[in-house]
Novice: 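Supplied in structure tokens, the structure appears directly below.
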Amino acid sequence: MLNSTGAGSVGGYGDRSLWQGRLAGLRKLDWPLTVTVLVLSVVGALLVRSATFQLALEHGDDPEGFLKRHVLNLLIGFVLGGVVTVLDYRLLRAYVPILYALACVGLLAVLTPLGSTINGSHSWIVLGGGFQIQPSEFAKVGLVVLLAMILGEPRDGEIGPGRRDVLLALALAGVPGVLIMLQPDLGTTLVFIAVVLGMLAVSGAQKRWLVALVGGGAAAGAAVFFFGLLKKYQIDRFTAFLDPSADPRGAGYNAQQARIAIGSGGPFGKGLFNGQQTGGHFVPEQQTDFIFTVAGEELGFVGAAVIVLLLGLVLWRGLRIASQAADLFGTLVATGVVCWLAFQTFENVGMTLGIMPITGLPLPFVSYGGSATFANMIAFGLLQAVHIRRRPFD
């Protein structure tokens with residue numbers, strides 16, 4: 001009796017300790033960030049369903065097909081994010097070269113016969129069964145951890161990264177950047193630029209580097225434009241937002257229809273699944289690049305504003321995590337993620353409102369997509385990993 005009771009007590013105590021440890025781990029999560037990402041994912045799934053149901057029905061396909069694939073992508077994405085959350089982000093330093101090499105290999109593979117062109121960009125590897133992978137999305141993750149490793153470890157006697165560190169960071173970031181431009185994918189290239197500038201600024205690099213990069217980038221952009229290094233459809237996309245009415249049936253069509261869809265929603269929208277512009281397929285790629293037009297038409301100004309506020313909450317929590325990180329490496333990882341998501345959010349919403357050029361960037365945590373969803377959830381996991389270990393010995 002005595003031995004049995006004693007054994008039972010030890011076993012019960014061990015079980016309680018195990019569950020207490022797991023609950024303690026859950027309590028360490030940034031729950032406002034977690035709940036916000038969950039809400040955005042649910043709203044995004046509903047908008048994807050609205051954008052694709054009628055079109056699939058007319059083509060004789062499963063009307064819920066896009067929704068089912070999107071939910072599957074979300075589930076896989078949350079698993080990936082959970083795995084990254086559990087890992088100690090500080091150990092990533094040892095694996096950064098591998099992650100960087102894999103990102104470059106994926107970008108090179110796209111430029112071989114393995115790659116496929118979708119919507120004018122040779123950025124995809126088709127896997128079959130309706131699934132494809134976009135290596136440039138995962139290259140964003142590789143870029144963030146690479147720059148954090150190089151810029152986050154100042155040499156002895158230096159407050160911030162020195163000249164060699166900055167030059168090394170720019171050179172290594174330039175390799176995937178050039179490969180992405182060769183696809184060509186202007187939108188992702190702009191994300192890379194935003195991440196590099198943001199992480200350099202936070203790392204403590206001298207301001208002259210930022211001034212030189214901004215000036216050099218402006219000069220390079222002007223040279224690319226005036227010497228015709230971009231394809232005509234890219235230039236048309238980039239400039240159509242200035243005057244969509246100049247070519248309403250061509251380059252300005254998407255921008256003009258996006259404005260009409262958002263404006264028709266009024267203050268409170270036409271109701272979920274009741275959008276006439278959405279149901280009539282006037283705006284192309286509404287489940288991906290132009291998902292915000294579905295929100296504008298069906299949820300109205302109020303619903304669209306709530307989505308923007310939720311995305312702003314994600315960015316605010318990311319900045320808070322960056323400011324409370326245990327080390328500079330963690331601060332830079334969180335900063336890189338915030339710069340990536342912030343620029344992509346501003347660009348996506350801006351292009352539907354007509355204040356930014358159309359570049360084909362999806363709305364984080366809302367748009368349909370496999371690779372983008374996985375990369376966004378990995379970024380979410382990185383933020384959680386830095387938050388959980390904000391104390392040096394966690």
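If you read the sequence from its start, that first residue is 1, and numbering goes on from there. FYI, side chains are in, hydrogens and waters are out, and symmetry mates aren't considered; it's all heavy atoms of this structure.
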Novice: Where do D165 and I150 come nearest, in terms of heavy atoms and distance?
Specialist: O-CG2, 3.4 Å
Novice: When you compare the side chain of T85 with that of L29, does any pair of heavy atoms fall below 4.5 Å?
Specialist: yes
Novice: Could you tell me whether a side-chain N or O of N348 sits under 3.5 Å from a main-chain N or O of L361, the two making a donor and an acceptor?
Specialist: yes
Novice: If Ile, Leu, Val, Met, Phe, Trp and Tyr residues are connected whenever their side-chain heavy atoms lie under 4.5 Å apart, and connections chain through other members, are I262 and V43 in the same group?
Specialist: yes
Novice: Check whether any side-chain heavy atom of D185 sits under 4.5 Å from a side-chain heavy atom of Q134, and report yes or no.
Specialist: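 They are in contact (side-chain heavy atoms under 4.5 Å apart), so the answer is yes.
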Novice: Quick one: which of L186, V191, T188 gives a side chain to side chain contact (heavy atoms under 4.5 Å, CB included) with I180?
Specialist: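 Only match with I180 under side chain to side chain contact (heavy atoms under 4.5 Å, CB included): T188.
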Novice: Are the side chain of E297 and the backbone of Q277 linked by a donor-acceptor contact shorter than 3.5 Å?
Specialist: yes
Novice: Take E347 and T359, measure what side-chain hydrogen bond (donor to acceptor under 3.5 Å, both in side chains) needs, and give me the verdict at the end.
Specialist: CA-CA 8 Å; E347 167 60 28; T359 57; 2.8 Å; yes
Novice: Roughly how far, to the nearest 0.5 Å, is the CG atom of L311 from the OG1 atom of T345?
Specialist: 4.5 Å
Novice: Would you say the side-chain atoms of T331 pair up with the backbone N or O of A322, donor to acceptor, closer than 3.5 Å?
Specialist: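 Yes, the answer is positive, given that a donor and an acceptor are paired below the 3.5 Å cut-off.
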Novice: Could you tell me whether R93 and D327 make a salt bridge, using a distance below 4.0 angstrom between a side-chain N and a carboxylate O?
Specialist: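 Judged by the 4.0 Å cut-off on N to carboxylate O distance, R93 and D327 do form a salt bridge.
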Novice: For the residue pair L190 and F343, establish whether any side-chain heavy-atom pair is separated by less than 4.5 Å.
Specialist: yes
Novice: Could you tell me whether the side chains of Q276 and S264 share a donor-acceptor contact shorter than 3.5 Å?
Specialist: no
Novice: Which atom names give the shortest non-hydrogen contact between L172 and L146, and what distance separates them?
Specialist: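 Residues L172 and L146, closest heavy atoms: CB-CD2, 3.7 Å.
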Novice: Of the non-hydrogen atoms in R90 and F329, which two are nearest, and what is the gap between them?
Specialist: CA-CE2, 4.4 Å
Novice: Do the side chains of L38 and L46 join up, straight or via other hydrophobic residues, at under 4.5 Å, putting them in one cluster?
Specialist: yes
Novice: If we count only N and O atoms by modelled type, under 3.5 Å, do the side chains of E298 and S50 hold a donor and an acceptor together?
Specialist: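 Per modelled atom types, E298 and S50 side chains form a pair under 3.5 Å.
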Novice: Under a 4.5 Å cut-off applied to non-hydrogen side-chain atoms, are S41 and M377 in contact?
Specialist: yes
Novice: If every non-hydrogen atom of V110 is compared with every non-hydrogen atom of S123, which pair is closest and at what distance?
Specialist: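 Looking at all heavy atoms of both residues, the shortest contact is CG1-CA, 3.6 Å.
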Novice: Mind checking whether L319 and I388 sit in one hydrophobic cluster, side chains of I, L, V, M, F, W, Y counted as touching below 4.5 Å?
Specialist: yes
Novice: Do R49 and K68 come within less than 4.5 Å of each other through their side chains, counting heavy atoms only?
Specialist: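 No. Closest side-chain heavy atoms not under 4.5 Å.
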Novice: With no hydrogens and no angle check, is any side-chain donor or acceptor of R390 less than 3.5 Å from a backbone partner on V386?
Specialist: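 Not a single qualifying donor-acceptor pair exists.
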Novice: Checking Y368 against F66 for the ring pair (Phe, Tyr, Trp, His ring centres under 6.0 Å) test, could you report, in this order, the C-alpha distance in whole Å, the side-chain angles of both residues, the deciding distance, and whether it holds?
Specialist: CA-CA 8 Å; Y368 172 85; F66 275 94; 5.2 Å; yes
Novice: Tell me whether E64 at atom CD has more than 12 heavy atoms from other residues, nucleotides or ligands lying less than 6.0 Å away.
Specialist: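 Above 12, so yes.
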Novice: Given the rule that I, L, V, M, F, W and Y join up when any side-chain heavy atoms are under 4.5 Å apart, are I378 and V79 in one cluster?
Specialist: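 Result: no, two separate clusters.
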Novice: How many angstroms lie between CD1 in I125 and CD1 in I133, if you round to the nearest 0.5 Å?
Specialist: 6.5 Å
Novice: Kindly indicate whether the side chain of W340, heavy atoms from C-beta on, has any atom under 4.5 Å from the side chain of F192.
Specialist: no
Novice: Measure the shortest side-chain to side-chain distance between F380 and F365 over non-hydrogen atoms and say whether it is less than 4.5 angstrom.
Specialist: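 SC-SC contact between F380 and F365 confirmed.
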Novice: For the hydrophobic clusters of this structure (ILVMFWY residues joined by side-chain heavy atoms under 4.5 Å, transitively), does one cluster hold both L151 and V175?
Specialist: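 L151 and V175: one cluster.
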Novice: Do L200 and V196 have side-chain heavy atoms sitting under 4.5 Å apart?
Specialist: yes
Novice: Would you name the heavy atoms of L179 and C104 that are closest together and state the gap between them?
Specialist: CD1-O, 4.0 Å
Novice: Looking at F78, I want to see if its CZ is surrounded by more than 12 non-hydrogen atoms of other residues, nucleotides or ligands under 6.0 Å.
Specialist: yes
Novice: Whether the T52 and Q287 side chains hold a donor-acceptor pair (N or O, under 3.5 Å, no angle test) is what I'd like checked.
Specialist: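 Note: T52 and Q287 side chains miss the donor-acceptor criterion.
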Novice: How far apart are the closest heavy atoms of V145 and V96, and which atoms are they?
Specialist: O-CG2, 3.8 Å
Novice: If we ignore hydrogens and angles and just use 3.5 Å, is the side chain of H387 paired with the main-chain N or O of K28 as donor and acceptor?
Specialist: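 Checking the backbone N and O of K28 against the side chain of H387, a donor-acceptor pair under 3.5 Å is found.
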